[in-house]
Amino acid sequence: MIPDKLNLAQLPTPLQFLPRLSAELAGPRIWVKRDDLTGCAASGNKVRKLEFVLARAIAEGADTLLTCGGLQSNHCRATAVLGAQLGLKVHLILRGEPPEQPPDGNLLLDSLVGAEISCYPQNQYQHLPELIAHWLDFYRSRGRKPFVIPTGASDGIGIWGYLHSVSELACQFRELEIKPDAIVCATGSGGTQAGLTLGCHLSQLDISVVGFAVCDDAAYFHNKIREDISDWTRRYGTSVDMTQVAIQVNDRYIGPGYGRATAEVFSTIRHMASLEGLILDPVYTGKAFYGLIQEIKAGAFQGASDIVFIHTGGLFGLYAQRDELGIQLKSSASGLIE
Ligand SMILES: *Cc1c(COP(=O)(O)O)cnc(C)c1O
């Protein structure tokens, strides 16, 4: 059974070959699935998930969307923009201290599109279920119909987005006459990887899906991805033999923590931007791409002919870290800044 879906994303997104990087690595050919081009103010991978989640919210008669994430959450910003586009009120529950300076990056856009924003420091945000319950009561007692979207829109509904994207990919693989060995993505709340993994399993494409964790460890994501898939089976009355579903998480490139990147990651961002005109971000795609390059150099994908990297977006996160990026650009010998 296929659920309701809104048409919000610009699809199909291009699948592009990276000729110079592939030559430089002298290993498998590297392709990028440009899901940074799904549209909706650069909403990246989130719009694929929200096409299904927001269809559900509207079907339930919701007039208010409640969701949560970090201060610079791409998911929260995508929800805020799409809420405005659909005429729904959006309330964001954000983790972190409200900034003293004018808002930047995603947070700037959240306020621009008129989202209600509540910031909670970590010691309060850790009681997220209570915070959500509080705001649910708040809206219900005022006669509104709130709908809660979990972190990253990653649940049994949201994973339809990337489940669906697998047929789009399969079609492009046929057109390009390639048979990739691996699909690689950044993993933050697990929904993208869960959808891709389930999609490849169900369509019996013999491709491994590898997620590069950007925050929590492999054990956490194995569990989370399983949960999202079982939520999907429960909601839609399907069954999946989980023993046949290979969940592969690489958690060796998280670095200092969520949202914090090492100089190597910034250097990769800079390299990819100048080598291929491909703009990555320091929170998700830059970290995962750095990990992918390291793993290829270490021989982890030996024998692979083609690898597809899912560019999940995140552009505004780059602006929010302009200072860190500036240091990297200055210290490099490119001659651009000096
Ligand atoms: C949210 C996000 C991810 C992670 O996707 P999940 O489905 O949450 O694991 C990756 N890249 C970008 C740019 C994101 O905004």
Side-chain angles (χ1 to χ4, degrees), residues 9 13 32-38 40-53 67-82 105-107 109-110 149-165 183-199 209-218 220-229 231-232 247-251 253-254 258-259 261 265 269 278-292 309-321:
T13 56
V32 191
K33 176 67 170 163
R34 296 294 304 271
D35 276 8
D36 54 322
L37 302 179
T38 48
C40 304
S43 289
N45 62 339
K46 298 309 178 308
V47 60
R48 285 196 193 262
K49 306 193 242 183
L50 288 168
E51 284 192 323
F52 290 92
V53 174
T67 195
C68 53
L71 271 188
Q72 284 295 336
S73 163
N74 294 314
H75 158 70
C76 287
R77 189 258 311 154
T79 306
V81 172
L82 291 170
N106 286 307
L107 198 54
L109 291 167
D110 295 340
I149 303 174
T151 306
S154 291
D155 63 4
I157 309 173
I159 69 172
W160 274 112
Y162 274 87
L163 182 53
H164 243 216
S165 82
I183 295 176
V184 172
C185 67
T187 291
S189 62
T192 301
Q193 190 179 345
L196 288 168
T197 305
L198 182 60
V209 175
V210 183
F212 281 81
V214 302
C215 41
D216 298 283
D217 67 9
Y220 171 87
F221 282 119
H222 274 272
N223 196 34
K224 175 65 170 49
I225 289 164
R226 262 164 205 286
E227 268 176 23
D228 286 354
I229 296 176
D231 184 35
W232 179 83
I247 300 172
Q248 294 188 59
V249 183
N250 181 322
D251 60 5
Y253 299 91
I254 300 170
Y258 176 72
V265 171
I269 292 173
L278 189 73
I279 315 295
L280 303 172
D281 79 290
V283 184
Y284 294 98
T285 54
K287 227 175 231 190
F289 209 89
Y290 169 68
L292 172 63
F309 180 82
I310 312 284
H311 191 329
T312 38
L315 181 63
F316 300 115
L318 187 62
Y319 291 91
Q321 296 200 21

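Atoms within a ligand are numbered from 1 in the order they appear, just like the ligands themselves.
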Report yes or no: does Gly152 have a heavy atom closer than 4.0 Å to ligand 1? no
Proximity flag Gly44 to ligand 1, non-hydrogen atoms under 4.0 Å: no
For Thr285 and Ala186, which heavy atoms make the closest approach, and how far apart are they? N-CB, 4.4 Å
Subset of ligand 1 atoms that lie under 4.0 Å from at least one heavy atom of [X]:
X	result
Thr192	5 (O), 6 (P), 7 (O)
Gly191	7 (O), 9 (O)
Lys49	6 (P), 7 (O), 8 (O)
Ser154	7 (O)
Thr187	9 (O)
Gly314	13 (C)
Asn74	13 (C), 14 (C), 15 (O)

Could you say whether the N/O atoms of [X] and ligand 1 ever approach to under 3.5 Å?
X	answer
Asp281	no
His75	no
Asn45	yes

Flag side-chain contact, heavy atom, 4.5 Å: Ser43 against Arg77: yes
For the residue pair Ser189 and Lys224, confirm or rule out a side-chain donor-acceptor distance under 3.5 Å. no
Donor-acceptor side-chain pairing of Lys46 and Thr79 below 3.5 angstrom: no
Going by the ring pair (Phe, Tyr, Trp, His ring centres under 6.0 Å) test, name the single residue among Phe289, Phe212, Tyr284 that passes it with Phe309. Phe289
Options Ile310, Thr312, Leu196, ranked by nearest heavy atom to atom 10 (C) of ligand 1, top entry: Thr312
State which residue, out of Thr67, Asn106, Asn45, fulfils the side-chain hydrogen bond (donor to acceptor under 3.5 Å, both in side chains) condition with His75. Thr67
For [atom], what is the closest protein heavy atom, and at what distance to 0.1 Å?
atom	result
atom 4 (C) of ligand 1	Gly188 N, 3.5 Å
atom 8 (O) of ligand 1	Ser189 OG, 2.5 Å
atom 2 (C) of ligand 1	Lys46 NZ, 2.4 Å

In sequence, state the C-alpha distance, the side-chain angles, and the governing distance for Arg48 and Thr13, and then conclude on side-chain contact (heavy atoms from CB on, under 4.5 Å). CA-CA 11 Å; Arg48 285 196 193 262; Thr13 56; 3.5 Å; yes
Separation between CD1 (Ile310) and CG (Asp36), nearest 0.5 Å, reads 11.0 Å
Check whether any side-chain N or O of His164 sits under 3.5 Å from a backbone N or O of Gly195 as a donor-acceptor pair, and report yes or no. no
Donor-acceptor contact present, side-chain Lys49 to main-chain Gly152, <3.5 Å: yes
